[in-house]
Novice: 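I'd like to ask some things about the structure below.
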Amino acid sequence: MSLTVPLYGFGGGGASLNFKVVGGTTKPTNPNENTIWVNTDKKIASWTFSATQPKTATEGMVWITTNTSSSIELNVLKKSDVIVNLHSAKQYVGGAWKLKNAFCYQNKKWTQFSQIRLYYYNRGDLCTADSGGWGYNSNVTFNSDHILLTGQQTTTRTLAHGKTPVPVAYKTMYIVGEVVSAYSGVALELAGLCNYSFDSTAAQNYGTVGAFTINIDISTVTKLSDRLAVVRVGFNSTIKVKIYEVYFE
Amino acid sequence: MKTYIDNEFKCHLTDPNGDLREVVLSESASEFFFNKCATFIEGYRVKPDGETWIREDGKVFSGGEMITPWKPYDELDVAQRQYEREKLADAENALAIYLGGEV
């Protein structure tokens with residue numbers, strides 16, 4: 001059984017608690033079971049576990065968000081079972097909650113439960129500060145909450161691409177969208193990363209009609225000039241794909 | 001060109017032990033690997049549509065056909081450029097011989 005309970009604390013841990021919260025930018029060596037490491041260069045003044053945003057916050061406070069399920073189950077007390085599911089970690093810095101990378105040490109290994117996400121496109125927001133804006137060729141329209149790609153009856157794939165290469169720290173690319181119509185099982189084609197000549201370096205093809213969320217491993221493409229984010233479709237005017245989100249973790 | 005994959009979806013161009021799986025590439029994947037050298041192709045992973053691969057950090061990849069390098073892409077790019085230079089040199093030599101008048 002798991003329940004969401006508000007827990008508050010100061011410092012790393014406590015005598016009756018079954019875990020410890022630590023900060024810093026280097027993964028702790030020789031951690032104890034249930035050590036929670038929040039990757040931050042800001043001092044952790046206090047911490048709280050809660051499914052909902054704390055009503056009050058102080059500079060440096062860490063908020064571990066909890067959920068009904070997650071990849072990390074934590075028994076928070078030494079002498080009785082109170083299980084929480086860790087969902088993400090945020091820290092209150094400069095008047096705002098900032099998402100942080102965070103890990104929990106269990107069964108002799110670290111598991112990441114909180115990851116900073118970088119958006120290049122988010123439901124109408126071009127995220128220009130990070131994406132550099134979007135380039136595109138024919139048959140691309142930017143709508144209020146999606147990019148629409150329509151295929152062409154030529155040898156040119158309809159495409160849109162972020163202008164700024166994706167930072168190397170990001171290992172996984174996500175595309176959230178909808179295949180409105182496909183042609184012979186072809187819709188999204190060679191979507192992923194490419195170089196400045198638009199030659200693919202890491203890609204996925206997806207052709208099932210309906211909503212989708214796909215991800216692409218980009219961890220071994222480490223030169224910036226090979227890391228342009230691109231969404232494109234196959235060669236047929238029947239093909240229509242809506243792109244709602246493009247982000248990286 | 002026959003392409004095989006192992007249990008980690010890594011590409012192979014031969015199956016000497018008969019323990020690999022032959023994979024039918026999509027048209028765009030075939031296009032992607034067209035004119036690529038063996039080192040480049042075998043540095044890639046092809047996860048077929050509908051199957052699942054789990055990266056060593058636990059991240060799960062499913063969805064469509066995924067074509068991604070498992071070796072550092074830089075190394076594959078260097079190998080491919082060397083292959084293209086060699087092919088160009090071969091073509092130039094053949095042209096020189098032809099223009100030199102040998103039939």
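On a predicted model such as this, the values are computed, not experimentally measured, just so you know. Per chain, numbering begins at 1; letters A, B, ... match sequence-line order.
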Novice: For A:N75, is the CG atom crowded, meaning more than 12 foreign heavy atoms sit under 6.0 Å from it?
Specialist: yes
Novice: Indicate yes or no: at least one non-hydrogen side-chain atom of A:E189 is less than 4.5 angstrom from one of B:E27.
Specialist: no
Novice: Supply the atom-to-atom distance B:S28 OG to A:F235 CZ, rounded to the nearest 0.5 angstrom.
Specialist: 9.0 Å
Novice: Which atom names give the shortest non-hydrogen contact between B:A29 and A:N205, and what distance separates them?
Specialist: N-ND2, 4.3 Å
Novice: Check B:Y73 against A:T201 and note the closest heavy-atom contact, atom names and distance.
Specialist: CZ-CG2, 3.5 Å
Novice: Which residue out of A:L190, A:D199, A:I214 racks up the most heavy-atom pairs below 4.5 Å with chain B?
Specialist: A:L190
Novice: For A:Y244, look at atom OH and say whether over 12 heavy atoms of other residues, nucleotides or ligands are found less than 6.0 Å away.
Specialist: yes
Novice: Give the member of A:T220, A:V186, A:T213 that has the highest number of heavy-atom pairs under 4.5 Å with chain B.
Specialist: A:T220
Novice: Would you check if B:P69 and A:V221 make a side-chain contact, meaning some heavy-atom pair closer than 4.5 Å?
Specialist: yes
Novice: Kindly determine whether B:I67 and A:Q204 satisfy side chain to side chain contact (heavy atoms under 4.5 Å, CB included), including the steps that lead there.
Specialist: CA-CA 6 Å; B:I67 310 159; A:Q204 184 165 150; over 6 Å; no
Novice: Under 4.5 Å, heavy atom to heavy atom, which residues of residues 74-83 of chain B contact chain A?
Specialist: B:D74, B:D77
Novice: Please state whether the side chain, the backbone, both or neither of A:N215 comes within less than 4.5 Å of a heavy atom of chain B.
Specialist: both
Novice: Decide if atom NZ of B:K2 counts as having more than 12 heavy atoms of other residues, nucleotides or ligands within a radius under 6.0 Å.
Specialist: no
Novice: With a 4.5 angstrom heavy-atom cut-off, is it the side chain or the backbone of B:K47 that approaches chain A, or both, or neither?
Specialist: neither
Novice: How about B:E56: does its CD atom have over 12 heavy atoms from other parts shown lying under 6.0 Å from it?
Specialist: no
Novice: If you count the non-hydrogen atoms of other residues, nucleotides and ligands that lie under 6.0 Å from OH in A:Y196, is the total more than 12?
Specialist: yes
Novice: Checking heavy atoms, do the side chain of B:S26, its backbone, both or neither come under 4.5 Å from chain A?
Specialist: side chain
Novice: Report the option among B:M66, B:E31, B:K59, B:E65 that has the most heavy-atom pairs separated by less than 4.5 Å from atoms of chain A.
Specialist: B:E65
Novice: Chain A heavy atoms under 4.5 Å from B:F61: which part of the residue, side chain, backbone, both or neither?
Specialist: both
Novice: For residues A:D217 and B:R55, determine if any side-chain heavy atom of one lies less than 4.5 Å from a side-chain heavy atom of the other.
Specialist: yes
Novice: Check whether A:K171 gets within reach of chain B through its side chain, its backbone, both or neither, counting any heavy atom under 4.5 Å.
Specialist: both
Novice: Below 4.5 Å from any heavy atom of chain A, which atoms of B:W70 appear? Answer side chain, backbone, both or neither.
Specialist: backbone
Novice: Minimum heavy-atom separation for B:T68 and A:A203, please, with both atom names.
Specialist: CG2-N, 4.1 Å
Novice: With a 4.5 angstrom heavy-atom cut-off, which part of B:V60 approaches chain A: side chain, backbone, both or neither?
Specialist: backbone
